[in-house]
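Here is how names work: the chains are called A, B, and so on, in the same order as the sequence lines, proteins then strands, and each is numbered from 1. FYI, side chains are in, hydrogens and waters are out, and symmetry mates aren't considered; it's all heavy atoms of this structure.
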Number of protein chains: 2
Amino acid sequence: MNEQEKNTEEEILDAASRIFQKKGMSGARMQEIADEAGINKSLLHYYYRSKDKLFLSVFRQAVKNLIPGIRNILFTDMPLFDKLDRFIREYMGVLLGNPFLPMFILHELQRDPDRLFKEFQKAGIEPSRILHQFEQSMEKGEMRRISPRHLMINVLSLCVFPVAARPMMQRFLFDNDAEAYQAFLNERADVVSEFVINAIRP
Amino acid sequence: MNEQEKNTEEEILDAASRIFQKKGMSGARMQEIADEAGINKSLLHYYYRSKDKLFLSVFRQAVKNLIPGIRNILFTDMPLFDKLDRFIREYMGVLLGNPFLPMFILHELQRDPDRLFKEFQKAGIEPSRILHQFEQSMEKGEMRRISPRHLMINVLSLCVFPVAARPMMQRFLFDNDAEAYQAFLNERADVVSEFVINAIRP
DNA sequence: GTCTATATCGGGATAGAC
DNA sequence: GTCTATCCCGATATAGAC
């Protein structure tokens, strides 16, 4: 466990992360991961005993990346519209920094929902608090009446979908112009924030 | 090409559709598809020469299912808010009738974007017309100013994501209560329609 | 058209040298 | 720790009987 070993181990994890995120568990090949890491196939088994264990390590790391400052924002006391705005900006930032993560998580969660969702629960995200704040704001008349869960999913939808569905949307609405779509994504936080707040403003 | 052959061929396609949609191209096994269809593995190769060709047939059928009344709505002359409302209801209906389609299409399109997107182009969906109507409505002051493409993707996001991300969201926000989530999805068209129109109403 | 049996191949996993 | 060589299984695909 000297630094060389640590480096190789991390190198493998990063390479595996890229391949798994692009191709999924069943689509990824161990040979491909080894090539991506610039090492031999056998070394994968030396560090991680099996493809399944390697995948689980990658998935855990992916969950960690997706969770980061989000908890802090959700748990901070702040006026509702400010909190929504900050959440959307923070979340879009994470997604843009990890564009393959959403599809990866969603797809693998469909493949093996129970086992993989447990990895999420460890992160300790708790939606009840923000749902409660939605209800309080409605009672105070600060926002229109809307089911808190629908509002929560609306926000997530507007952030996640354009990133996850990029191969589809870029071709469909942008003539497959990658730069144009990137610019579109970069202005997305502004647009979503305004859109949501307009929708719920009393 | 008597009716018996036709039945077996369709039976295979339906079975393959279910398995491919759930597990994806690389995750699906020919044996599993044969079992699902209640026939022998070799028959798959008799009707469709290879796994790849079978997959392509399934994908084409999936595209057809996802497109149906949508073109008509988009191309019909109608006041903007009415058209949005009808589109959202129609689209949510299709999604609820084919809940595995969205993830399937999105995932496979990431795997092989160019080849598979061509299957979409054949359907002849043309977004420019609805984008143009958005712009006209803005100029007439019928709706707030918003980038037409952002608006289009907002609508799609709000419809597709809750269906595609069901395994995640049902566990995350509904304690994995399937009936509750189904009820949530059933009221979704109303909520989305109201949400969008509130967001863009001048 | 539908089946059984089998060929062929790719990929995950292991053994063992260094 | 890292490599080469190899095992072994599963999965696609084919041959051929009925």
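- The distance between atom CG of L44(A) and atom P of dG12(C), rounded to the nearest whole Å, is 9 Å.
- Rounded to an integer number of Å, the gap from NZ of K53(A) to C1' of dA13(C) is 12 Å.
- Side-chain proximity of M30(B) to the nucleotides dT12(D), dA13(C), dT2(C) is greatest for dT12(D).
- Closest approach to the Y47(A) side chain among dC3(D), dT2(D), dC3(C) is made by dT2(D) (side chain taken as heavy atoms from C-beta onward).
- Take R89(A) and apply the side-chain hydrogen bond (donor to acceptor under 3.5 Å, both in side chains) test, not counting sequence neighbours, and it matches D85(A), D190(A).
- Contacts classified as ring-ring contact (aromatic ring centres under 6.0 Å, His included) and involving residues 166-189 of chain A (residues at least two apart or in different chains) are given here: F174(A)-Y181(A), F174(A)-F184(A), Y181(A)-F184(A), F184(A)-H150(B).
- Under a 3.5 Å cut-off, the side chain of R166(B) and the backbone N or O of A178(B) do form a donor-acceptor pair.
- Judged as a salt bridge (charged side-chain N to carboxylate O under 4.0 Å, His left out), and not counting sequence neighbours, the contacts of R171(A) are D114(B).
- Partners of K51(A) by side-chain hydrogen bond (donor to acceptor under 3.5 Å, both in side chains), not counting sequence neighbours: none found.
- Each of L43(B) and K51(A) was assigned the nucleotide of DNA chain C with the nearest heavy atom; the assignment lying further toward the 5' end belongs to L43(B).
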What does the list of N/O pairs under 3.5 Å between the protein and nucleotides 14-18 of chain C look like, with a distance for each?
residue, atom, partner, partner atom, Å
dT14(C), O4, S42(A), OG, 3.1

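- Rounded to an integer number of Å, the gap from CZ of F55(A) to P of dG11(C) is 18 Å.
- Distance from the side chain of R29(A) is smallest to dG11(C) among dT12(D), dT2(C), dG11(C).
- A close approach under 4.0 Å does not occur between any side-chain nitrogen or oxygen of Y46(B) and OP1 or OP2 of dC3(C).
- Within 4.0 Å of A34(A), counting heavy atoms only, lies no atom of the nucleic acid at all.
- Every side-chain hydrogen bond (donor to acceptor under 3.5 Å, both in side chains) that R60(A) has, sequence neighbours left out, goes to E119(A).
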